[in-house]
Amino acid sequence: MSSIELKHIVKKYGDGFPAVNDVNLDIKDGEFVILVGPSGCGKSTLLRMIVGLEDITSGEMEIDGKRVNDLAPRDRNLAMVFQNYALYPHLTVFENIAFPLRLQKGKHSNEEIDKKVRDASAMLELDEHLERKPGNLSGGQRQRVAMGRAIVREADAFLFDEPLSNLDAKLRGQMRTEIARMQRRLGITTVYVTHDQTEAMTLGDRVCVLKRGILQQVASPRELYEQP
Ligand code: ADP
Ligand code: ADP
């Protein structure tokens with residue numbers, strides 16, 4: 001768990017209008033923050049700068065008070081949970097969750113990996129499914145496997161980029177509930193990009209409204225909803 005501070009963050013692609021324009025935001029430890037706004041307003045760009053996949057043109061980004069502008073994605077310890085979950089279809093749930101630990105060669109014994117995967121699976125209620133392959137899981141279960149990977153790595157925060165946008169309305173509703181429940185349970189700092197009003201109003205502690213790269217409003221869902 002960590003706080004994330006954005007100070008005067010700007011992104012320019014070429015010499016056009018900035019895609020992200022002087023964004024200031026303090027995300028608290030354990031907070032669930034929604035980034036919302038129309039297509040092209042800069043949501044993905046901001047998220048990708050946070051995770052380190054995109055350079056910050058100017059401004060400062062800090063994690064727990066430490067400047068991270070120049071840190072590679074793997075050194076930021078933030079976990080992007082992708083729309084398609086990016087699971088390996090030929091690996092079991094256990095091996096999918098263990099994957100980031102196996103990548104850190106020699107760092108963890110098999111016993112440690114086993115314990116970390118089992119602890120994460122228990123938290124995520126996946127213990128019954130460890131030997132199954134992703135193809136035999138529901139959408140919600142797959143989402144939890146993707147979160148499991150982030151948990152075993154002890155990521156400081158989850159970053160979601162429109163994770164539900166390809167799903168039908170019914171599944172979207174279920175998954176929304178599921179993500180909200182898991183986030184509360186884990187208490188992990190979360191930044192969640194969407195253009196869906198319902199997600200924005202139901203999921204987060206705070207909603208950040210972006211328009212043309214500018215952070216126009218930051219408010220609780222209730223405050224936004226009760227506005228005239
Ligand atoms: P959103 O996620 O809100 O739809 P994006 O962050 O994808 O918005 O895009 C914000 C703006 O930056 C848009 O005008 C988009 O065309 C532009 N943009 C995004 N990525 C690139 C890129 N790699 N090169 C040039 N322009 C880009
Ligand atoms: P999103 O659904 O997040 O808005 P897009 O479909 O707009 O994503 O963009 C997909 C990819 O294309 C992203 O990696 C983005 O950086 C890139 N991209 C978006 N707009 C531009 C652009 N004007 N020029 C170059 N690349 C772009």
Side-chain angles (χ1 to χ4, degrees), residues 4-27 31-63 68-76 78-86 139 143 146-147 150 155-169 171-172 175-176 179-180 183 188-221 223-225 227:
I4 300 171
E5 294 93 42
L6 306 177
K7 300 176 179 174
H8 302 289
I9 297 289
V10 174
K11 178 67 186 186
K12 284 187 182 175
Y13 294 108
D15 24 303
F17 194 82
V20 170
N21 200 348
D22 197 24
V23 164
N24 291 286
L25 183 65
D26 281 353
I27 301 168
E31 196 179 14
F32 195 142
V33 165
I34 304 278
L35 288 181
V36 72
S39 182
C41 71
K43 304 183 295 296
S44 303
T45 299
L46 187 55
L47 199 73
R48 292 208 307 268
M49 284 193 284
I50 294 174
V51 80
L53 295 172
E54 197 83 73
D55 286 338
I56 296 170
T57 305
S58 66
E60 304 288 328
M61 175 178 159
E62 296 176 357
I63 298 178
V68 297
N69 288 51
D70 308 318
L71 285 187
R74 66 171 175 282
D75 299 322
R76 294 187 187 196
L78 305 174
M80 192 94 165
V81 183
F82 288 99
Q83 194 174 71
N84 55 7
Y85 319 122
Q143 183 79 61
M147 290 183 182
D156 292 324
F158 285 158
L159 306 173
F160 291 91
D161 193 358
E162 307 210 19
L164 310 185
S165 61
N166 288 339
L167 306 177
D168 65 50
L171 190 53
R172 204 154 56 222
M175 298 283 295
R176 205 164 56 224
I179 289 176
Q183 198 274 345
I188 188 165
T189 311
T190 300
V191 184
Y192 186 106
V193 164
T194 184
H195 61 256
D196 183 289
Q197 291 267 345
T198 312
E199 287 173 34
M201 289 308 189
T202 56
L203 275 174
D205 299 314
R206 281 196 295 166
V207 181
C208 304
V209 184
L210 266 179
K211 275 197 189 135
R212 303 197 68 203
I214 295 170
L215 196 52
Q216 295 226 318
Q217 207 168 15
V218 182
S220 70
E223 286 164 340
L224 275 186
Y225 187 71
Q227 265 181 82

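Whatever order the structure lists them in is the order used to number ligands and atoms, beginning at 1. Note that the numbering runs from 1 along the sequence shown for the chain.
Counting only distance, with no hydrogens or angles, the side chain of D75 and the backbone of V68 share no donor-acceptor pair below 3.5 Å. Formation of a donor-acceptor pair under 3.5 Å by the Q183 side chain with backbone atoms of I188 is found in this model.
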Before you tell me yes or no, could you show the steps for K7 and E60 under salt bridge (Lys or Arg N to Asp or Glu O under 4.0 Å), namely the whole-Å CA-CA distance, both residues' side-chain angles and the distance that decides it to 0.1 Å? CA-CA 5 Å; K7 300 176 179 174; E60 304 288 328; over 6 Å; no
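Side-chain contact check for I179 versus F32: some heavy-atom pair is nearer than 4.5 Å. Side-chain contact check for T57 versus P18: every heavy-atom pair is 4.5 Å or farther apart.
Polar contact with ligand 1: absent for A19 (N/O pair, distance under 3.5 Å).
Ligand 1 is never approached by G213 to a heavy-atom distance shorter than 4.0 Å. The closest approach between G37 and ligand 1 stays at or above 4.0 Å for every heavy atom of the residue.
Near P38, the atoms of ligand 1 lying under 4.0 angstrom from a non-hydrogen atom of the residue are 3 (O). Counting the atoms of ligand 1 from 1 in the order shown, those under 4.0 Å from a heavy atom of K43 are 1 (P), 2 (O), 3 (O), 4 (O), 6 (O), 8 (O).
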